[in-house]
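Computed from a predicted structure; not experimentally measured.
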Amino acid sequence: MGIFPNEAAITRLVGAILLEQNDEWAVQRSRYMTLESIAPIGDDPLVSLPTLAA
């Protein structure tokens, strides 16, 4: 017998790790890429930001 009792246990573990990593990426992105921090870029004619659909 290996570390995991069955394939479902491996799937749950990998899924939990991926979910946690996704949460970390989401928090990091919002921490460093706020609208306030990228607003000066919007004034630059060489860089255009996509408009958001309402």
Side-chain angles (χ1 to χ4, degrees):
M1 176 167 247
I3 302 171
F4 301 102
N6 55 34
E7 193 171 328
I10 297 169
T11 303
R12 284 192 303 273
L13 175 64
V14 171
I17 291 170
L18 290 175
L19 251 168
E20 186 169 333
Q21 186 62 48
N22 184 53
D23 290 345
E24 288 293 321
W25 286 336
V27 169
Q28 267 188 340
R29 190 173 20 236
S30 67
R31 186 181 312 149
Y32 295 109
M33 296 296 289
T34 62
L35 287 176
E36 292 81 16
S37 68
I38 61 172
I41 297 172
D43 298 332
D44 188 345
L46 295 176
V47 178
S48 63
L49 298 174
T51 57
L52 296 175

Q | side-chain contact (heavy atoms from CB on, under 4.5 Å) partners of Q21, counting only residues at least two apart | A |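 Checked Q21 against side-chain contact (heavy atoms from CB on, under 4.5 Å); matches are E24, W25.
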Q. Mind checking what makes side-chain contact (heavy atoms from CB on, under 4.5 Å) contact with A8, not counting sequence neighbours?
A.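 Here the qualifying residues are N6, R12.
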Q: Look up atom CD1 in I17 and atom CG in N22, then write down how far apart they are to the nearest 0.5 Å.
A: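 Rounded to the nearest 0.5 Å, the CD1-CG separation comes out at 13.5 Å.
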Q: Verify the cluster assignment for L13 and L19: are they in a single hydrophobic cluster under the rule of side-chain heavy atoms below 4.5 Å apart?
A: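 No, because L13 and L19 fall into different hydrophobic clusters, even though each may have its own neighbours under 4.5 Å.
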